[in-house]
Protein chains: 2
Amino acid sequence: MIPKKTFPAARLKNVQHINNQTIFAKVAHSHSHEHDLIDLRAKLRGKDRRITKPREEILELLGKEDHPVTAKFIHEKLSGTCDLVTVYRSLKLLESMSLVKRFNFGDNTTRFELISSTDHGHHHHLICKACRTVVEIDECFDPSMESKIAKKHGFHNVTHELEFFGICSSCQAT
Amino acid sequence: MIPKKTFPAARLKNVQHINNQTIFAKVAHSHSHEHDLIDLRAKLRGKDRRITKPREEILELLGKEDHPVTAKFIHEKLSGTCDLVTVYRSLKLLESMSLVKRFNFGDNTTRFELISSTDHGHHHHLICKACRTVVEIDECFDPSMESKIAKKHGFHNVTHELEFFGICSSCQAT
DNA sequence: TTACTTATTGAAATAAACTTGCAATTAAGT
DNA sequence: ACTTAATTGCAAGTTTATTTCAATAAGTAA
């Protein structure tokens, strides 16, 4: 909410700056890129589900993105090929098929990211509170913490969402 | 979103079950309870800001709650004493004064919690994906991880949001 | 290919969360 | 008590996401 006001332009255009981290991510993605479409076909087969142009296009677009993006962003990028409603519906489907993961960076909009085969979608983000630049983070804490918490409170299938927030180097200057 | 459909009643009533953890939290809160109002007065003084009934009431209500609650929930609890808009505005003010913290559990609604003097608002939650029960978590990972990430990417003032999700013991049965 | 079945889409309406503008109110200094 | 301006309430407006339903198109079988 705070950055929404302070940097409307950045939010509107959904700018996501490039740095070493993201370039790396981009390379990693383009490798598994066409594999995702095969995955889509495989998962849809024999399930009263259909392989449609919007679904393929959204998956392809996500494959090219370095960071989680909003439904609105996808719709704009696809400019006219399908309705925003279809984007929402497709993302929900792709999520249910574990091809896409949903993120929330605290600005009241959901972002979606392709689940890469390497980390199974489990990684975290470092977000600049000023300009909303996103950096992908590989590090994670010791998984024993999770199982300890699960055991302590009698929960099963415990997972976690972890995001880091701060001020990036270029925003520190200004 | 998924639990929204599966358990509409739980979400509607904003049910938050009681267990050992939450009872503990309640006790801890009621101690610092009146201290928060003093805090409010101190922070508002000499700043062209006013101590108003809605602000006091919201702070008092949050002091009695064990878990983050929505603006809507606060408005309903306060039943008619002030408008929902005022709740939103007050929460924003209280947040800016570091008296309240904003949380996002991935269901498209913001929840607010009083920042306790003991942990300075830094703690995490374990949320049941089925019934939305919330448990307060004291554990956190080694802070060196945070500084490492900050340094690596040239970020300053790095903080984090960490939430755990799973299925609670009573939902496992059903 | 053609026909058939039904999942999927688009468009409009709806819902929910949150914000904004403005006149009326009220807290706080004098 | 008077004055000033911060705050509130109400109505209207945004934004994000979902639902309804007729039209479309994907997959299957002849």
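Here is the naming used below: chain letters follow the sequence lines, and residue numbers restart at 1 for every chain.
Regarding B:Glu95, its CD atom lies at a distance of 12 Å from the P atom of C:dC18, rounded to whole Å. The CZ atom of B:Arg111 sits 10 Å away from the P atom of C:dA17 (whole-angstrom rounding). Here D:dA23 presents its C1' atom at 14 Å from CG of A:Asp83, a figure rounded to the nearest Å. Spacing between atom CG of B:Leu91 and atom P of C:dT19 amounts to 10 Å, rounded to whole angstrom units. Between B:Asp107 atom CG and D:dT18 atom P there is a gap of 12 Å when expressed in whole angstrom units. The separation between A:Asn104 atom CG and C:dA17 atom P is 14 Å, rounded to whole Å. Rounded to a whole Å, the CD atom of A:Glu56 is 11 Å from the P atom of C:dT9. Spacing between atom CD1 of B:Ile58 and atom P of D:dT8 amounts to 8 Å, rounded to whole angstrom units.
With DNA chain C read from its 5' end, the first of the two nearest nucleotides for A:Gly80 and B:Leu84 is the one closest to A:Gly80. Two residues, B:Thr110 and B:Lys53, neighbour DNA chain C, and the one matched to the more 5' nucleotide by heavy-atom proximity is B:Thr110.
The phosphate of C:dT8 (OP1 or OP2) has a side-chain N or O of A:Arg49 nearer than 4.0 angstrom. Residue A:Thr52 places no side-chain N or O under 4.0 Å from the OP1 or OP2 atom of C:dA7. For the pair B:Thr70 and C:dA17, the criterion of a side-chain N or O lying under 4.0 Å from OP1 or OP2 is not met. Residue A:Thr109 places no side-chain N or O under 4.0 Å from the OP1 or OP2 atom of D:dT15. One finds a side-chain N or O of B:Arg55 lying less than 4.0 angstrom from the OP1 or OP2 phosphate oxygen of D:dT7. Applying the 4.0 Å criterion to OP1 and OP2 of D:dG9, one finds that B:Thr86 has a side-chain N or O inside that range.
For D:dG9, the base has a donor-acceptor partner in the side chain of B:Arg89 [N/O atoms by modelled type, under 3.5 angstrom].
Each of D:dA5, C:dC18, C:dT8 was ranked by its minimum atom distance to the side chain of A:Arg50; first place goes to C:dT8. Taking every side-chain heavy atom of A:Tyr88 into account, D:dT16 is the closest of D:dT16, C:dA17, D:dT8. Between D:dG9, C:dT20, C:dA17, one nucleotide has an atom nearer to the side chain of B:Val85 than all others, and that is C:dT20.
For the residue pair B:His124 / B:Glu163, no side-chain donor-acceptor distance below 3.5 Å is found, with atom types taken as modelled. Side-chain N/O atoms of B:Glu136 and B:His67 include a donor and acceptor closer than 3.5 Å.
Aromatic rings of B:His125 and A:His160 (six-membered ring for Trp) have centroids beyond the 6.0 Å cut-off, not under it.
Note on B:Glu56 versus B:Arg41: salt bridge recorded, some NZ/NE/NH1/NH2 to OD/OE distance being below 4.0 Å. At a threshold of 4.0 Å, the pair A:Arg102-A:Glu95 counts as salt-bridged, since one of the basic side-chain nitrogens sits closer than that to a carboxylate oxygen.
Contact annotation for A:Ile51: backbone-only contact, meaning every heavy-atom pair under 4.0 Å involves sugar-phosphate atoms and none involves a base.
A 4.5 Å side-chain heavy-atom check between A:Glu161 and A:Phe103 finds at least one atom pair inside the cut-off.
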